[in-house]
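Each remark here refers to the structure printed beneath this line.
The analysis underlying the following values was restricted to heavy atoms, covering all of them including side chains, and did not include hydrogens, waters or symmetry mates. Numbered from 1 within each chain, the chains take letters A, B, ... in sequence-line order.
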Number of protein chains: 2
Amino acid sequence: MKDKATIKKAGYKITGPRQLVLDFLKSGEHYTAKEIYEGLEKTLGLTTVYRTLEILTELGIVETIALTDGSLRYEYVLGKKHHHHLVCTGCGDICELDGCAIKDLEEKVAKQTAYVISGHALELYGLCPRCQKK
Amino acid sequence: MKDKATIKKAGYKITGPRQLVLDFLKSGEHYTAKEIYEGLEKTLGLTTVYRTLEILTELGIVETIALTDGSLRYEYVLGKKHHHHLVCTGCGDICELDGCAIKDLEEKVAKQTAYVISGHALELYGLCPRCQKK
DNA sequence: ACTGTAAGTGAAAAATATTTTCATTTAGCA
DNA sequence: TGCTAAATGAAAATATTTTTCACTTACAGT
Ligand SMILES: [Zn+2]
Ligand SMILES: [Zn+2]
Ligand SMILES: [Zn+2]
Ligand SMILES: [Zn+2]
């Protein structure tokens with residue numbers, strides 16, 4: 001329920017469509033906007049899916065994963081430990097990888113470049129066992 | 001010239017449009033397909049830019065950088081050492097970061113998951129000194 | 001509970017991005 | 001030089017995301 005409190009605190013309303021998207025994302029996978037829209041059987045507009053994802057991302061409830069094929073996927077991250085992903089280039093399957101050692105790099109780069117680092121993205125790409133056989 | 005030999009060896013022809021794209025990318029920045037098209041003053045079709053980038057990527061001459069805003073940028077990497085990027089979320093500026101410590105992680109993950117790892121993407125995001133002032 | 005109102009919604013349109021189609025052109029080999 | 005498969009580009013198709021705007025709704029204040 002932390003998510004709804006966060007949404008309220010930011011001055012946004014708790015609406016039906018927003019709860020639908022939240023619940024859908026909480027199932028734990030990494031979805032595209034279209035998959036969310038279709039998974040919810042068009043009980044809301046695709047426009048609203050995009051707008052909701054924008055807000056949830058801004059509030060840190062959802063994170064965006066940009067893949068090298070140009071697609072964007074969204075993940076509900078509240079209560080999850082920071083992690084990265086392993087993506088199968090054959091079937092698109094996404095595994096979560098525990099742990100992250102990028103924080104040190106962030107600090108080093110911050111000092112070197114005078115950038116204020118806000119985050120990072122790391123994905124590994126490969127072929128899953130099943131796709132290796134094909 | 002390694003690039004043209006690679007293209008030939010793969011059975012593709014060396015054409016005017018392909019040389020234009022190669023030369024444009026060699027200037028060293030990280031461009032979108034549209035920037036390449038417009039930078040070349042429409043002396044070739046946008047379709048050809050996309051097709052050429054696809055081939056160059058397949059041959060490892062060019063690499064794709066997927067940003068969390070959904071955009072794709074392309075970089076000529078032949079002769080460059082493997083590296084990652086620091087992206088300013090304010091102005092879009094991209095710095096190159098030397099070195100990479102992800103190879104170890106790749107091996108660890110390969111063992112853990114039985115995936116065959118083909119590569120990885122790592123980008124840091126932040127605000128450049130100039131954008132911090134705004 | 002009722003009401004007012006600013007925020008949210010969704011259909012449609014617009015804008016943007018990428019891929020496909022297909023008639024024409026061209027690189028590179030015999 | 002001529003042949004042919006590959007490449008090209010204009011146009012159309014498809015896909016993705018944003019904007020517009022009239023209507024609806026959450027919820028703060030009574
Ligand atoms: Zn995840
Ligand atoms: Zn991390
Ligand atoms: Zn680079
Ligand atoms: Zn690396």
Mind calculating the distance between [atom1] ([X]) and [atom2] ([N]) to the nearest angstrom?
X	N	atom1	atom2	result
Glu35(A)	dT17(D)	CD	P	12 Å
Leu72(B)	dT18(C)	CG	C1'	10 Å
Glu54(B)	dT8(D)	CD	C1'	15 Å
Tyr31(B)	dA17(C)	OH	C1'	20 Å
Ile55(A)	dA7(C)	CD1	C1'	10 Å
Arg73(B)	dT18(C)	CZ	P	11 Å
Leu44(A)	dT24(D)	CG	P	18 Å
Ile7(A)	dA26(D)	CD1	P	14 Å

Atom pair NZ/OG1 of Lys108(B) and Thr113(B) - distance to nearest 0.5 Å: 11.5 Å

SB check Glu35(B) Arg73(B) (cutoff 4.0 Å): yes

Residues Arg130(B), Asp93(B): salt bridge by 4.0 Å N-O rule: no

Touch class at under 4.0 angstrom, heavy-atom based, for Leu46(A) against every strand present: base

Sugar-phosphate, base or nothing in reach of Thr43(B), heavy atoms under 4.0 Å: sugar-phosphate

Check: Glu58(A)/Tyr12(A) side-chain N/O donor and acceptor closer than 3.5 Å: yes

Distance test, side-chain N/O of Tyr50(B) to OP1/OP2 of dT18(C), below 4.0 Å: yes

Any Arg18(A) side-chain N or O less than 4.0 Å from OP1/OP2 of dA26(D): no

Residue Gln132(B) excluded, over 12 heavy atoms near CD under 6.0 Å: yes

Joint cluster assignment, Leu44(A) & Leu53(A), ILVMFWY side-chain distance < 4.5 Å: yes

Contact letters for nucleotides 21-30 of chain C, in which S counts primed atoms plus P, OP1 and OP2 and B counts the base, heavy atoms under 4.0 Å: B-----BS--

Close aromatic pair by centroid cut-off 6.0 Å: His120(A) and His84(B): no

